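Numbers for residues simply follow the sequence, beginning at 1. We count ligands from 1, going down the list as the structure has it; atoms in each ligand are counted the same way. Quick caveat: nothing in here was measured; it's all calculated off a predicted structure.
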Amino acid sequence: MTLMAEPALGRFGDFGGRYVPESLVPACAELAQAFRAAWADKNFRDELDELLAVYAGRPTPLTPARNLSAALGITLWLKREDLAHTGSHKINNVLGQALLARRMGRTRLIAETGAGQHGVATATAAALLGLRATIYMGERDIERQHLNVQRMDMLGAEVIPVGTGSRTLKDATNEAMRAWVADVDGAHFLLGSVGGPHPYPWMVRELQRVIGTEARRQAPGLPDVVVACVGGGSNAAGTFTGFVDTPARLVGVEAAGGAAMTNGATGVVHGARSMVLQDDEGQVSEAESIAAGLDYPGIGPEHAHLGAIGRADYRTVTDDEVVAAVRRLARTEGIICALESAHAVAWVLRAAGTADLPAGSTVLLTLSGRGDKDMGAL
Ligand SMILES: *Cc1c(COP(=O)(O)O)cnc(C)c1O
């Protein structure tokens, strides 16, 4: 299987596509064309690679989790996106899209954010590249992720509270897309994950590919299992691309309250056909997770496809397991990870030594972010 190419019409098997209001079709087409050209342009790639190295702190290390490995009877390596600038993998995607926006002559970035990590990364890139940033964030997330709201403010971004619906990521995404419709020529909509209309799922996966490429090079051998948490699915997609052409098993871990792969059905959300949590009438349901970054009823279409063809497995963990996982990793390895990332850790803790993850397995786990933002929630 190749994940190198741009998917025709943005389709991953039965999923993906571009389901947007007519007014956004030309903007999506222009964006796809611009990214296609930039991604094939050595100067663009060199500039991005340079920023990732000297600004974002790449490559991030691959850390052997020796204590936890010994306790669990497996060999566990952690890909340390928590050590990237601004504290998560979001910066990889944001720097790429912000450079692209500048190349397209845009002066403003519009973004949605859940836990605030994507908003902080976007505000950061805007400050660096001299762009304005407008960040949409649900009121409920503003309450529970206050530190990140302060960071965005410090960076000079405008944070717009969203009070509709569940007042979380789904609603913030709706508002951000609306704001883009109102300013398609001046603003770039900087989507934070592998969802949305074509070209976003492809573009964001390409920009996160660096995680998997580095991890593959850094790992002392090919892991048996590659695992990452899944909200929209960008850190998992970036990780999986490094291993999809190997025999390694791919596992994505969702929040039990936002498990689009496990409990969802085919539907359209935010411009893409994918797996979506919905009620009997097909209305998109609210997700509910302790991790604001996973509080999302959909999943990127490529994950829906990888699940449908059996190339990747999706599992769920509960909020209680996640909180226990944050503590266990902190006390055994001295690493305080984000609640989102702890979903992947929680699955490893539960599965190690069972048929799902037999003793002796080697496991590569992407730790998507650091946990400072969550201290108030624990
Ligand atoms: C945003 C976020 C996630 C969820 O997003 P994905 O697109 O699924 O990667 C996971 N972990 C952290 C730390 C985040 O900030």
Side-chain angles (χ1 to χ4, degrees), residues 60 78-94 97 111-122 124 135 137-138 141 144-145 147-148 151-152 168-170 172-173 190-196 200-201 203-205 207-212 227-241 251-255 258-261 270 272 274-275 287 289-304 312 314 317 322 325-326 329 335-346 365-374 377:
T60 59
L78 303 174
K79 179 59 175 160
R80 301 289 306 282
E81 295 302 292
D82 59 310
L83 294 178
H85 181 44
T86 70
S88 81
H89 67 290
K90 296 278 174 23
I91 195 76
N92 308 325
N93 168 43
V94 163
Q97 285 196 52
E112 81 297 341
T113 197
Q117 289 299 112
H118 179 56
V120 167
T122 301
T124 297
I135 314 294
M137 187 169 186
D141 292 333
R144 54 181 174 167
Q145 300 287 347
L147 176 63
N148 277 342
R151 293 167 80 197
M152 286 184 267
T168 60
L169 182 55
K170 166 170 76 76
T173 307
L190 207 163
L191 186 62
S193 192
V194 286
Y200 288 100
M203 175 169 68
V204 177
R205 177 253 276 164
L207 294 171
Q208 293 292 3
R209 169 187 287 277
V210 64
I211 304 173
V227 56
C229 70
V230 173
S234 68
N235 86 89
T239 306
F240 289 178
T241 52
V251 179
V253 186
E254 300 183 283
M261 285 301 285
H270 297 136
S274 190
M275 296 296 283
S289 163
I290 189 173
L294 304 189
D295 224 345
Y296 184 68
I299 186 170
E302 187 167 18
H303 286 291
Y314 296 85
V317 294
V322 166
V326 171
L329 187 68
I335 298 169
I336 301 175
C337 73
L339 284 167
E340 290 82 5
S341 323
H343 284 66
V345 178
L365 183 155
T366 293
L367 214 56
S368 55
R370 66 176 183 232
D372 310 40
K373 67 185 178 55
D374 301 319

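- At least one donor-acceptor pair closer than 3.5 Å links the side chain of Asn93 to the backbone N or O of Leu191.
- Ring planes of Tyr296 and His270: parallel class, angle under 30° (limits at 30 and 60°).
- Inspection of the Asn235 and Glu81 side chains reveals no N or O donor paired with an N or O acceptor under 3.5 Å.
- Salt-bridge check for Lys170 with Glu112: failed, with every basic side-chain N at 4.0 Å or more from each acidic carboxylate O.
- Checked against salt bridge (charged side-chain N to carboxylate O under 4.0 Å, His left out), Arg151 has no partners two or more places apart in sequence or in another chain.
- Contacts of ligand 1 (protein heavy-atom distance under 4.0 Å) are Ser88, His89, Lys90, Gln117, Ser193, Cys229, Val230, Gly231, Gly232, Gly233, Ser234, Asn235, Gly293, Leu294, Ala338, Glu340, Ser368, Gly369.
- A side-chain N or O of Thr60 and one of Lys79 form a donor-acceptor pair less than 3.5 Å apart.
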